[in-house]
Amino acid sequence: MHSGYSWVFLIYLPMSLAVTFIYHRRRILTDSIVFHSFFNLLITFVNFLMVN
C-alpha cells in the first residue's frame with residue numbers, strides 16, 4: 001500500500017508531511033497515530049462511497 005509509484009503518492013505525501021508536523025509540534029506520538037488512523041478511516045469511507 002505504501003510502496004510503488006502511482007497517483008496515490010499525491011495523497012500520501014501531504015499526509016506524511018502533516019503527520020510529521022503534528023509530531024514535531026508537540027513531540028507526542030499519540031497525536032500522530034490518531035491523525036493517521038483518522039486519515040485511514042476517511043480514505044476507507046471515501047472508497048466505500050465511490051464503489052457504492
Side-chain angles (χ1 to χ4, degrees):
M1 184 78 181
H2 294 99
S3 64
Y5 297 103
S6 70
W7 63 270
V8 178
F9 178 76
L10 298 174
I11 295 172
Y12 283 120
L13 179 63
M15 195 274 297
S16 66
L17 293 173
V19 168
T20 302
F21 175 76
I22 290 168
Y23 174 73
H24 281 286
R25 193 173 119 233
R26 293 184 38 191
R27 303 276 189 213
I28 300 173
L29 187 58
T30 307
D31 292 350
S32 295
I33 293 170
V34 169
F35 177 80
H36 188 262
S37 299
F38 174 74
F39 186 81
N40 286 344
L41 183 63
L42 178 67
I43 293 297
T44 302
F45 181 69
V46 168
N47 283 336
F48 176 76
L49 290 178
M50 291 176 72
V51 169
N52 293 327

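Both backbone and side-chain heavy atoms feed into the values below; hydrogens, waters and symmetry mates do not. Numbering starts at 1 and runs along the sequence shown.
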With T44, which residues qualify under side chain to side chain contact (heavy atoms under 4.5 Å, CB included), at least two apart?
none
Only pairs at least two apart or in different chains count here, so list each salt bridge (Lys or Arg N to Asp or Glu O under 4.0 Å) that has a residue in residues 40-52.
none
Which residues satisfy the side-chain hydrogen bond (donor to acceptor under 3.5 Å, both in side chains) test with R27, sequence neighbours excluded?
H24
Other hydrophobic cluster members with Y23, side-chain heavy atoms of Ile/Leu/Val/Met/Phe/Trp/Tyr under 4.5 Å, chained?
L29, I33
Can you run down the salt bridge (Lys or Arg N to Asp or Glu O under 4.0 Å) pairs that involve residues 29-51, sequence neighbours left out, and say none if there aren't any?
R26-D31
Taking only residues two or more places apart in sequence or in another chain, which ones pass side chain to side chain contact (heavy atoms under 4.5 Å, CB included) with R25?
F21
The reported gap from OH in Y12 to CZ in F39 (rounded to nearest 0.5 angstrom) is 6.5 Å
Would I43 end up clustered with V34 when hydrophobic side chains under 4.5 Å apart are linked, directly or stepwise?
no
To the nearest 0.5 angstrom, please state how far the CZ atom of F35 sits from the OG1 atom of T20.
10.5 Å
Looking at V19, is its backbone amide N or carbonyl O close enough to the side chain of S32 to form a donor-acceptor pair, meaning the two atoms are under 3.5 Å apart?
yes
